[in-house]
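Comments concern the structure below.
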Amino acid sequence: MRKIVLSELSRACRLSVVASAILVSPAAGANEDLMRAAKRIFKPIPSVVPAVKDNPITHEKVTLGKSLFFDSRLSASGVISCNTCHNLGTGGVDAGPRSIGHRWQLGSRRAPTVYNAVFNVAQFWDGRAADLKAQAAGPVQASTEMNATADRVLSTLNSMTDYVVMFSKAFPNEAVPLTFANFAKAIEAFEATLITPDAPFDQYLEGDEYALNDQQKAGLKLFIEKGCSSCHNGINVGGQDYFRFGIIKRPAESQLPKEDKGRFAVTKDLGDEYVFRSAPLRNVALRPPYFHSGQVWSLKQAVGVMSEVQLGAELSDEETDEIVAFLNSLTGQLPKIEYPILPTRTIATPKPSLDK
């Protein structure tokens, strides 16, 4: 275990040293050095929908996926939709530390945001889903979430003529368009459109040095120098790799429950105990509470916890405020989503059930 921790520390330190070296380069002024360092570590969110592997994005597929995302009739109870836990009006997450599912069951972790999820290396906090279509197939069948089955989902969709037509348009070259696999692909196509470009930080990465104010630039500099960017980097400012929560110091029990061993449940590798995918920090100011356990309600407190348990650094109040100011610059332009008019149920549509 000690070797694993030291390895993670070594990696984080190497990345931090490389980034910090750019900031002290005598080749240009301080502002130019900072922008150059930022461009090396991060990437702006594109203004166009990214391509998705093995699932071409079409208007018809996105339209279908949007309806499926909002349709609570796909759950056994008839009251839970994808949007219930990934509320597009509240940063792509729900209100509490742990989502409430079928028969008021509490989920085991904080719902991750669906915004910009297409840029993550994998889905869920433990990375157990390789992509968005694999993720979409999970919650609808989970007993603590939507509590349906693939057969129930197909029965529900086939019972409504409008859905049958929508699947035919979305998957025109398939003999049987309405399948559970295509259900997941349609939701993936819609979720791929949920990107939030044009944040102040994106404008800065594209060359506008005035897009960030002085406090935000100071926070960005600290974010790099202190080593935050060792785990939170790339286009999503995180979501690209897995790290132990508590590299330097074990977090409080409420923040790191003993029963949740993170990625270990996926890999069964002892080195993955309490390892989680790094949180993507895009729009992070919109979605408290924080961490996989959802037990920290203040972004400022979250920064303090991370600096202590991950980096072994004690930040001053001013430094913490500067990093929080930088994190606020990661809030982009959320897409305007018009609630869809859903197909009308028929006598053949499965009735809501609260059975276990």
Side-chain angles (χ1 to χ4, degrees), residues 42 44-47 49-50 62 65-66 69-70 72 80-101 106-125 129 132 135-136 138-139 145 187-188 190-203 216 219 223 228 231-232 234-240 255 276-303 305-306 323-340:
F42 311 101
I45 290 179
S47 58
V49 176
V62 170
K66 179 181 177 181
F69 186 89
F70 282 98
S72 60
I80 302 172
S81 70
C82 301
N83 191 64
T84 302
C85 298
H86 303 284
N87 193 315
L88 300 186
T90 56
V93 295
D94 53 10
R98 294 157 61 189
S99 299
I100 297 174
L106 279 176
S108 59
R109 295 175 185 151
R110 172 79 170 131
T113 181
V114 71
Y115 282 120
N116 303 307
V118 67
F119 300 122
N120 292 331
V121 66
Q123 305 304 319
F124 296 114
W125 284 97
L132 287 171
Q135 185 277 329
E145 297 183 60
I187 293 179
E188 177 181 53
F190 171 63
E191 290 184 345
T193 70
L194 300 178
I195 58 177
T196 64
D198 205 32
F201 188 51
D202 291 311
Q203 297 170 37
Q216 290 169 332
F223 193 85
C228 307
C231 301
H232 298 282
I235 193 169
N236 231 359
V237 194
Q240 305 305 305
Q255 298 161 12
F276 298 86
R277 190 199 61 195
S278 61
L281 298 183
R282 293 287 188 169
N283 308 299
V284 67
L286 302 181
R287 54 176 199 270
Y290 299 108
F291 307 142
H292 69 283
S293 52
Q295 294 298 313
V296 174
W297 290 85
S298 159
L299 187 52
K300 184 171 182 177
Q301 182 187 356
V303 170
V305 169
M306 292 299 285
I323 291 179
V324 169
F326 163 64
L327 294 177
N328 274 280
S329 79
L330 301 178
T331 301
Q333 297 296 316
L334 273 65
K336 292 184 178 180
I337 305 295
E338 182 177 341
Y339 199 99

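Side-chain atoms of Pro288 and Leu299, non-hydrogen and from C-beta on, never get closer than 4.5 Å to each other. Inter-residue side-chain proximity for Val49 and Val62 is flagged as unmet; no heavy-atom pair is nearer than 4.5 Å. The closest side-chain heavy-atom distance from Val93 to His86 is not below 4.5 Å.
Distance alone, capped at 3.5 Å, places no donor-acceptor pair between the Asp198 side chain and the Gln203 backbone. Looking only at distances, a side-chain donor or acceptor of Lys66 sits under 3.5 Å from a matching main-chain atom of Glu338. Within the 3.5 Å criterion, the main-chain N or O of Ala136 finds no donor-acceptor partner in the side chain of Glu191. Not one N or O on the side chain of Asn328 forms a donor-acceptor pair closer than 3.5 Å with the backbone of Ala285. Using modelled atom types, no side-chain atom of Ser278 and backbone atom of Gly238 make a donor-acceptor pair closer than 3.5 Å. In terms of modelled atom types and a separation under 3.5 Å, the side chain of Gln123 and the main chain of Ala117 share a donor-acceptor contact.
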- Item | Step-by-step side-chain contact (heavy atoms from CB on, under 4.5 Å) determination, Tyr290 to Val305 | CA-CA 11 Å; Tyr290 299 108; Val305 169; over 6 Å; no
- Item | side-chain contact (heavy atoms from CB on, under 4.5 Å) evaluation trace for Asp94 with Ser99 | CA-CA 7 Å; Asp94 53 10; Ser99 299; 2.6 Å; yes
- Task: Show your reasoning for whether side-chain contact (heavy atoms from CB on, under 4.5 Å) applies to Arg110 and Phe291.
- Result: CA-CA 7 Å; Arg110 172 79 170 131; Phe291 307 142; over 6 Å; no
- Message: Set out, in order, the CA-CA distance, both residues' side-chain angles and the distance that settles side-chain contact (heavy atoms from CB on, under 4.5 Å) for Ile235 and Phe42, then state yes or no.
- Response: CA-CA 6 Å; Ile235 193 169; Phe42 311 101; over 6 Å; no
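Taking the six-membered ring where tryptophan is involved, the planes of Phe201 and Phe326 are perpendicular, since the angle between them exceeds 60° and thus also 30°. Under the 30°/60° scheme for interplanar angles, the aromatic rings of His232 and Phe223 are found to be tilted.
The nearest pair of heavy atoms linking Trp297 to Ala95 is CH2-O, 3.6 Å. Closest non-hydrogen pair, Pro289 versus Gln295, comes out as CB-N, 4.4 Å. The shortest non-hydrogen separation linking Ala302 to Val296 is N-CG1, 3.6 Å. For the pair Ala192 and Pro50, the tightest heavy-atom approach, listed with the atom from each and the gap, is O-CD, 3.8 Å. Here the shortest heavy-atom pairing between Ser293 and Pro97 reads O-CB, 3.8 Å. Residues Ile337 and Leu88 approach most closely at CG1-CD1, 4.0 Å, considering heavy atoms.
With values rounded to the nearest 0.5 angstrom, Cys82 atom SG is found 9.5 Å from Phe70 atom CZ.
If you run side-chain hydrogen bond (donor to acceptor under 3.5 Å, both in side chains) between Asn283 and each of Thr331, Thr113, Thr196, only Thr196 comes through.
The pair Arg282-Asp202 meets the salt-bridge criterion, with a side-chain N (NZ, NE, NH1 or NH2) lying under 4.0 Å from an Asp/Glu carboxylate O.
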